[in-house]
Amino acid sequence: METPTEAVIALQDAIDVCLDNGMSMNETKTRFEKILIGSCLARAGNNQVVLAESVGIHRNTLSRRMKRLGVGQIEGMTRRFLVAVNLNS
C-alpha cells in the first residue's frame, strides 16, 4: 500500500507524463478532475449530496461540474475501468 507521500509522487509523475506527451495544462487538469470526482463519488456510494458536503460545495455546483466533465453514476465499475475511460475520452 502506498503512503500519502508516495501517492503524491505518483501523481506528479502522471502529470509529467501527460504534459510530456503534449497535453495542455487545462486538458491535464480536466482529466485528473474527472478521475478525482469519479473516485470520490464511488467512495460516497454514488451519493452526490454526500460527496458535495464532504468537499464543501453545493450539490448543484457538483452536479454542474459532473455534467461538464461527463462524469455520471459509476456503480459497479472498477477503478481500473474508470481510469481507462477517463484517460481515453
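Computed from a predicted structure; not experimentally measured. Atoms considered below: every heavy atom in the structure, side chains included; atoms not considered: hydrogens, waters and symmetry mates.
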(request) Determine whether Val49 and Ile37 fall in the same hydrophobic cluster, where Ile, Leu, Val, Met, Phe, Trp and Tyr are linked whenever their side-chain heavy atoms lie under 4.5 Å apart. (result) no
(message) So which atom in Met66 and which in Leu41 form the shortest heavy-atom distance, rounded to 0.1 Å?
(response) CE-CD2, 3.5 Å
(request) Output the distance between atom CD (Gln48) and atom CZ (Arg65), rounded to the nearest 0.5 Å. (result) 12.5 Å
(request) Would you confirm whether Ser63, through its side chain, and Arg59, through its main-chain N or O, come within 3.5 Å as a donor-acceptor pair? (result) no
(message) If you compare all heavy atoms of Ile15 against all heavy atoms of Thr28, which two are closest, and at what distance to 0.1 Å?
(response) CG2-CG2, 4.3 Å
(request) Would you name the heavy atoms of Val50 and Ala44 that are closest together and state the gap between them? (result) CG1-CB, 4.0 Å
(request) Can you measure from CE (Met23) to CZ (Arg31) and round to the nearest 0.5 angstrom? (result) 4.5 Å
(message) For a quick test of reading the model, state the closest non-hydrogen atom pair linking Ile57 to Thr61 and the distance between them.
(response) CD1-CG2, 4.3 Å
(message) Applying a strict under-4.5 Å side-chain criterion to I, L, V, M, F, W and Y, I'd like to know whether Val8 and Leu36 cluster together.
(response) no
(request) Can you measure from OG1 (Thr3) to CD1 (Ile9) and round to the nearest 0.5 angstrom? (result) 7.0 Å
(request) Could you grab the distance from atom CG of Asn47 to atom CD of Glu53, nearest 0.5 Å is fine? (result) 8.0 Å
(request) Any chance you could measure Lys67, atom NZ, to Asn60, atom CG, to the nearest 0.5 Å? (result) 12.0 Å
(request) Write down the atom of Leu69, the atom of Lys34, and the distance for their closest heavy-atom approach. (result) O-CE, 3.1 Å
(request) Kindly compute the distance separating CG (Asp16) from CG (Leu11), expressed to the nearest 0.5 Å. (result) 9.5 Å
